[in-house]
Amino acid sequence: MTAPRVRFAPAPTGYLHVGGARTALVNWLFARKTGGTFVLRIEDTDAALSRPALIDVVLRTLDWLGIGWDEGPHRQSERLAYYDLAVNTLLDEGRAYRCDCARDDVEARARDAGRKTPGYDGYCRERALPPGAGAAVRFRTPDEGTVEFDDVVRGHVSFAASDLVDFVIQRADGSPTFLVANAVDDAEMGITHAIRGEDLLNTVPSVLLLMDALGYGPPPTYAHLPLLVDEARKKLSKRRHSVAVEDYREQGYLPEAFVNFLATLGWGPPDGVEIRPLTEIVDLFALEDVTKAGAYFDVKKLDHFNGEYLRALTPDDFVARVTPFFGDATWAPPDFPDERFSRMAPLVQERCVTLADAPALVDFLYLDEPEIDEAAWGKAAQGQAAAVLDDGIAAFEGLDEWRAEALHAALAEVGERHGLKLGKAQAPVRVAVTGRSVGPPLFESLEVLGQERTLARLRAARARL
RNA sequence: GCCCCCAUCGUCCAGAGGCCUAGGACGCCGCCCUUUCAAGGCGGUAACGGGGAUUCGAAUUCCCCUGGGGGCACCA
C-alpha cells in the first residue's frame, strides 16, 4: 500500500475553530502514525474568504498548536483553472447544464408545487441555456440508484440518488463551488483519506458523483469525526462560546495541554491514561477507534489538563511562558520578570489553572497600594483583627531577619496569644497586605514584599479599622 | 417536512455474548494534609433511553419506538 495522503482543508474564516483544530489534529495523528503526508489546503473559492490575513491566522494557529504540515498550503483560489476545466468537461459531456434561476424562483416553484422538500427542481435541465453571463452551472444528478461508501468511523453509509438535487458547481460569476473544488483537489492531489467533521457527511455523495463523472479513479476513504458540541449538545457556535483556538491561547492555555485535550474528544487511549505526550498518542492512535457520538467540549476538563501541564513546567519555562500575560498589566515593571517575580514564581505556578491567572496572584508586590477587596476586608476586619494587627506590627518591627520562617514564627506567636490558629491570625494580615483573602503563601509573600512596605500596609490597615 | 448520523455515570472515554457486583478520567460531595487558596492523599455519588427478537446467557447482535445531532445555499 502506498503511503497515505491526508489533508486539512479549512475555510479561512478569520479564526481557527476548535472543531477545525481537532480535525487538523486527527489528520496529523493519522499521517504521523502511518508515515503519510499531511497536506494543508485552504478552501477559499469564495472571494470573501480569500484574503491573506485570514489565511495567516490559520497558519499561525496551527503552528502554535504544534501541528505542522508536510505540503502546502495549497490555495484553491490559485487552482481555478483545474475547476474550470472540470466544469467545462461536464458541460461538454452533458453531465452539467447552465441555470439562471433566481433563488426566489426556485423557492416559489417548490411552494407552488406543494413539495415539502425545498431545493432545486431541475427546471433548467432541458433548457440548454447558451454560454454567457448570468448563468450558474449545475450538475445533473442521477434520478435513481444509490450512492454508497464505507466510512472508517461510521461504517456503511447509503444515500438514494433521488434525494440529491442538481447542485451548483459553478457560480454565475464563474467561480467554482466547494463541491467541485473538493472533488477535483482530492483527486488531483492524490488524497487517500478524507478525515473531517461529521457536518460534511452528506456532501460525500455529491463529491463521489462528481469524481465518477470526471473519470477519476477510486475516491479517498472517508472518515467522519463526531462533532464537538456544547452542554446542550449543539454544535459549538461562535455566538455562544469561545470557539476560536486563539481565544484559548489568550486565556492562557498551553498548546500542548490544549492539543492533548483535543485528542481525548472522540477517542481514548486503550490504557485510560489521558494526559500524555503527543508522541505517545501518535503510537496509540487509530482512526478505527474514533467514537461516533458527539463530544462535549468540557472546559472544566481542559482546565484540569492545563493545570497538570502547567505544574509540570520547569520553573524557568513557566516564567518564560507566563511573562507575555503581564503585558496588559500597567503595574508590571519594565524589567519584568524581575527578581521578585522569580522568587514567587514556583508558588504562583502551583496555583494557576491558566497562565492568565498569574498576574492577580502577584500584583500586590508591584502596586503602590494593594487593591483592597472590600468583601474580603470586611470579613478579615472582624473579631480580634485590631489586636492581631497591633501585635503583628510590633512583632514584625522587632524582626532582625526578614525571612518567611521568622515571620511565620512571629505571627504564630501572636495568634497563640489571642487564642487564634495561624489560619485565623493571618487573615487580616493577608488582606491588609495583598488586598485579597486568598493568594500565595503569606510569609513568602511578605518576605518578597519587604519589611518596610509590609509594615506600611499593616499600619494603613490598622488605621482603617 | 425530507435525507444522513448517533444513543453506557452530569461530562469524556473503557466495554467488540458469559471476565460487568459495568471500569478509568473530569466534575461534584465528604475526610485527611495544611499558612489562605491551590496542589496532593483517601473515600463516596452516579449510567447501559424504552419495547420486542435471537441466545442457555445481551451493555454488547437484529428490529421498532423514543430522544439527540447534522444537513437540505450561486458558504464550506
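Lettering of chains follows the sequences in order, A, B, ..., and the numbering in each one begins at 1. What you are looking at is a predicted structure, and each value in this text was computed from that prediction instead of being measured.
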CZ of A:Phe318 versus P of B:A39: gap in Å, rounded? 15 Å
Name every donor-acceptor pair, under 3.5 Å, that has one atom in a side chain of residues 372-380 of chain A and the other anywhere in the protein, sequence neighbours excluded.
residue  : atom : partner  : partner atom : Å
A:Asp373 : OD1  : A:Ala375 : N            : 3.2
A:Asp373 : OD1  : A:Ala376 : N            : 2.8

If you restrict it to nitrogen or oxygen atoms, what contacts under 3.5 Å exist between nucleotides 61-64 of chain B and the protein, and what is each distance?
none

Rounded P spacing from B:G70 to B:U45 in Å: 35 Å
Does A:Lys234 place a side-chain N or O at less than 4.0 Å from the phosphate oxygens OP1/OP2 of B:G69? yes
B:A58 versus B:G67 - spacing of their C1' atoms, nearest Å: 22 Å
Could you give all pairs that pass the salt bridge (charged side-chain N to carboxylate O under 4.0 Å, His left out) test and reach residues 145-160 of chain A, with sequence neighbours left out? A:Arg154-A:Glu198
Which is true for A:His304 with a 4.0 Å heavy-atom rule: it touches a base, it touches only sugar-phosphate, or it touches nothing? sugar-phosphate
For A:Val353 and for A:Asp100, locate the closest nucleotide of RNA chain B by heavy-atom distance; then report the residue assigned to the nucleotide nearer the 5' terminus. A:Val353
Have a look at A:Glu444 and say if it touches a base, only the backbone sugar-phosphate, or nothing, with a 4.0 Å heavy-atom cut-off. base
Among B:C26, B:A73, B:A76, the one nearest A:Arg103 by side-chain distance: B:A73
Give A:Glu308 one of three labels, base, sugar-phosphate or nothing, depending on what nucleic acid heavy atoms sit under 4.0 Å from its own. sugar-phosphate
Ring pair (Phe, Tyr, Trp, His ring centres under 6.0 Å) pairs touching residues 158-188 of chain A, sequence neighbours excluded, are A:Phe139-A:Phe167
Using a 6.0 Å cut-off, check whether atom NZ of A:Lys424 has over 12 heavy atoms from anything other than its own residue. no
Given protein heavy atoms under 4.0 Å, the one-letter contact record of nucleotides 5-15 of chain B, with B base, S sugar-phosphate only and - none, is simply SSS---SBSS-
What's A:Arg138 touching, base or sugar-phosphate or nothing? Going by heavy atoms closer than 4.0 Å. sugar-phosphate
How would you list, by chain and number, every residue that makes a side chain to side chain donor-acceptor pair (under 3.5 Å) with A:Asp186, sequence neighbours excluded? A:Arg7, A:Arg41
Nearest-angstrom distance from the residue atom CD of A:Glu107 to C1' of B:C2: 16 Å
Using atom C1' in both nucleotides, what's the gap between B:A22 and B:A16 to the nearest angstrom? 15 Å
Non-neighbouring partners of A:Ala136 that pass side-chain contact (heavy atoms from CB on, under 4.5 Å), sequence neighbours left out: A:Val168
How long is the line joining CG of A:Asn260 and P of B:C26, in whole Å? 13 Å
Please give the distance between the C1' atoms of B:A14 and B:G57 as a whole number of Å. 22 Å
Is it true that, when you exclude A:Tyr309 itself, more than 12 heavy atoms of the residues, nucleotides or ligands shown sit nearer than 6.0 Å to its OH? yes
Less than 4.0 Å between a side-chain N and a carboxylate O, is that true for A:Asp271 and A:Arg276? yes
Let me know the distance between CZ of A:Phe167 and C1' of B:C72, rounded to the nearest Å. 13 Å
Pull out every residue in residues 202-214 of chain A that has a heavy atom closer than 4.0 Å to any atom of RNA chain B, ordered by number, or say none. A:Asn202, A:Thr203
Classify A:Leu200 by what it touches in the nucleic acid, base, sugar-phosphate, or nothing, heavy-atom distance under 4.0 Å. base
Other residues, nucleotides and ligands only: do more than 12 of their heavy atoms fall within 6.0 Å of CD on A:Glu371? no
How many Å lie between CG on A:Asp104 and P on B:A73, as a whole number? 13 Å
Hey, which of these two, A:Gln426 or A:Asp163, hits RNA chain B nearer its 5' end, going by closest nucleotide? A:Asp163
Going by side chain to side chain donor-acceptor pair (under 3.5 Å), name the residues that satisfy it together with A:His17, two or more places apart in sequence or in a different chain. none
Counting only pairs under 3.5 Å, give me each side-chain donor-acceptor contact of residues 45-55 of chain A, with atom names and distances, residues two or more places apart or in other chains.
residue : atom : partner : partner atom : Å
A:Asp46 : OD1  : A:Ala48 : N            : 3.1
A:Ser50 : OG   : A:Asp44 : OD2          : 3.1
A:Ser50 : OG   : A:Arg75 : NH2          : 3.0
A:Ser50 : OG   : A:Ser77 : OG           : 3.4

Could you tell me how far apart A:His224 (NE2) and B:G71 (C1') are, to the nearest whole angstrom? 11 Å
Which value, in whole Å, describes the distance between the P atoms of nucleotides B:C9 and B:G24? 16 Å
For nucleotides B:C20 and B:A59, find the distance between their P atoms and express it as a whole number of Å. 13 Å
For the pair A:Phe305 and A:Phe261, name the ring-plane relationship: parallel under 30°, tilted 30 to 60°, perpendicular over 60°. perpendicular
So salt bridge (charged side-chain N to carboxylate O under 4.0 Å, His left out) across residues 296-306 of chain A, not counting sequence neighbours, yields A:Glu274-A:Lys301
Between B:C13 and B:G30, how far is it from one P atom to the other, in whole Å? 29 Å
Distance check needed: B:U35 P versus A:Glu447 CD, whole Å only. 17 Å
Need the pair for B:A47. Rule: Watson-Crick or G-U wobble, both distances under 3.5 Å, any strand; none if unpaired. none
Qualifying salt bridge (charged side-chain N to carboxylate O under 4.0 Å, His left out) pairs, either residue in residues 435-448 of chain A, two or more places apart: A:Arg343-A:Glu447, A:Asp363-A:Arg436
Taking B:G50 as the reference, what is the distance to B:U8 when you measure between their C1' atoms (whole Å, please)? 15 Å
